[in-house]
Chemist: 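Dropping the structure in here first, questions after.
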Amino acid sequence: MIAFLASATLTTQAITTKALAARCITSQGQFDAYKQSLAQQAASAGVGQRGMQALQQARLSGITWRFESNPSSQTGTRYRSPEQFLTARFSSVNSFVSNAKRRLNQNASLFRSLESRYGVPGSILVSIWGYETSWGGYTGDTPIVGGAVTLASYCRRHPRFEDDAIAALQLVDRGIISANSRGGPSGELGHMQFLAGNWVRFAVDGNGDGRADPNNAADALATAANMLRRNGWRGGQPYTQGSGNFRVLSAWNDSGNYQRAIAYAASLIDQ
């Protein structure tokens, strides 16, 4: 059973009131002031007591700040071939592909059901899963709320990611994450490293237990397939560079290097 669990109320509240938008910051010492102004925006968006407490407890994420302060270190800033992109994180393309195929075969019925429902092939989903967290092997060690709020506060990223910070607080309210939950350096969640706003918008219960949990592989994969489909993925169509489906990958990650690597790995998995 696969069921949509994103609450209409939560989805609406995640689209925050821009009239109260917090001012971005240029130094780490301004973080507490940013949190105070963000709290007004969060209250307007309906964040409850647990979420507000999580915001109060949030600390600036040093790893997030350092990463954003050094754009040249980011993968999207200079061209890399798909092979270069994959081997920067994995020992070889062959090892990535063989591991991905094994995961695909181990979860064959799940991937078949997801492709039947959403049109997204398992090769694409297993490639994203593998690149993001080594198939759930490492989902991150940065406090999610702190990472999300730090990213939203940074002037180069503000206000693009402010809705994700608000969404992270709402997920604390709902018990999907806690104030202490950890994930990627920019507040990414679970197996597929969703930004909180995307989890709010696209969350799906993939294993039929009545709850969409980003740390459950079936839920995360179903949500990823739902996100891609709702951003325009067309089942049975190619995903090679220049195709419509390839362009949909930008909804997941706007790095051309990332998109080319995922499509390339998926093509090898499909062989």
Chemist: State, with a plain yes or no, whether a side-chain heavy atom of L221 is found less than 4.5 Å away from one of H191.
Modeler: no
Chemist: For F96 versus A265, what's the shortest heavy-atom pair and its separation?
Modeler: CE2-CB, 3.7 Å
Chemist: Considering all heavy atoms of both residues, which atom of G122 and which atom of F111 are nearest to each other, and what is their separation?
Modeler: CA-CD2, 3.7 Å
Chemist: Could you check if a side-chain atom of N226 sits within less than 4.5 angstrom of a side-chain atom of L114, using non-hydrogen atoms only?
Modeler: no
Chemist: Over 60° means perpendicular and under 30° means parallel, so classify the ring planes of Y34 and H158, tilted if in between.
Modeler: perpendicular
Chemist: Please confirm whether the backbone N or O of V47 pairs with a side-chain atom of D173, one donor and one acceptor, at under 3.5 Å?
Modeler: no
Chemist: Do Y131 and L86 have side-chain heavy atoms sitting under 4.5 Å apart?
Modeler: yes
Chemist: Looking only at heavy atoms, which two atoms of W135 and V126 are closest? And how far apart?
Modeler: NE1-O, 3.1 Å
Chemist: Can you check whether W65 and Y154 have ring centres sitting under 6.0 Å from each other?
Modeler: yes
Chemist: Give me the atom names and distance for the closest heavy-atom approach of V204 to T223.
Modeler: N-OG1, 2.9 Å
Chemist: Please determine whether side chain to side chain donor-acceptor pair (under 3.5 Å) holds for the pair N105 and R102, giving the CA-CA distance in whole Å, both sets of side-chain angles, and the decisive distance to 0.1 Å.
Modeler: CA-CA 5 Å; N105 291 332; R102 185 170 69 253; over 6 Å; no
Chemist: Heavy-atom count check: over 12 atoms from other residues, nucleotides or ligands less than 6.0 Å from Q106 CD?
Modeler: yes
Chemist: Carefully, step by step, assess S95 and S92 under the rule side chain to side chain donor-acceptor pair (under 3.5 Å).
Modeler: CA-CA 5 Å; S95 68; S92 70; 3.3 Å; yes
Chemist: What verdict does the side chain to side chain donor-acceptor pair (under 3.5 Å) test give for Q241 and Y264, after you've listed the backbone C-alpha separation in whole Å, the side-chain angles of each residue and the deciding distance to 0.1 Å?
Modeler: CA-CA 9 Å; Q241 189 168 357; Y264 173 70; over 6 Å; no
Chemist: Between T240 and S267, is any pair of side-chain heavy atoms under 4.5 Å apart?
Modeler: no
Chemist: Could you tell me whether the side chain of R229 and the main chain of R234 form a donor-acceptor pair under 3.5 Å?
Modeler: no
Chemist: Taking F90's backbone N and O only, do any of them form a donor-acceptor pair with T87's side chain (distance below 3.5 Å, no angle check)?
Modeler: no
Chemist: For residues R230 and Y118, determine if any side-chain heavy atom of one lies less than 4.5 Å from a side-chain heavy atom of the other.
Modeler: no
Chemist: Do S81 and Q84 have side chains that get closer than 4.5 Å, going by heavy atoms?
Modeler: yes
Chemist: Are R160 and D254 close enough for a salt bridge, meaning some N to O gap below 4.0 Å?
Modeler: yes
Chemist: Can you get from I124 to M192 by hopping between Ile, Leu, Val, Met, Phe, Trp and Tyr side chains that sit under 4.5 Å apart?
Modeler: yes
Chemist: Checking side-chain hydrogen bond (donor to acceptor under 3.5 Å, both in side chains) between W252 and each of Q259, Q193, E132, which is the one that passes?
Modeler: E132
Chemist: Taking the side chain from N207 and the backbone from A218, do they hold a donor-acceptor pair closer than 3.5 Å?
Modeler: no
Chemist: Has D205 got a side-chain atom pairing as donor or acceptor with G208's backbone, closer than 3.5 angstrom?
Modeler: yes
Chemist: Check for me, please, whether L195 and L171 land in the same ILVMFWY cluster - side-chain distances under 4.5 Å, paths through other members count.
Modeler: no
Chemist: Heavy atoms, side chains only, cut-off 4.5 Å: are F161 and S186 in contact?
Modeler: no
Chemist: Quick one, E162 and L38 - any side-chain contact, counting heavy atoms below 4.5 Å?
Modeler: yes
Chemist: Name every donor-acceptor pair, under 3.5 Å, that has one atom in a side chain of residues 56-63 and the other anywhere in the protein, sequence neighbours excluded.
Modeler:
unit_1 : atom_1 : unit_2 : atom_2 : d
S61    : OG     : T64    : N      : 3.3
S61    : OG     : T64    : OG1    : 2.7

Chemist: As a quick check of understanding, evaluate salt bridge (charged side-chain N to carboxylate O under 4.0 Å, His left out) for R174 and D213, giving each step before the final call.
Modeler: CA-CA 11 Å; R174 295 194 64 189; D213 179 359; over 6 Å; no
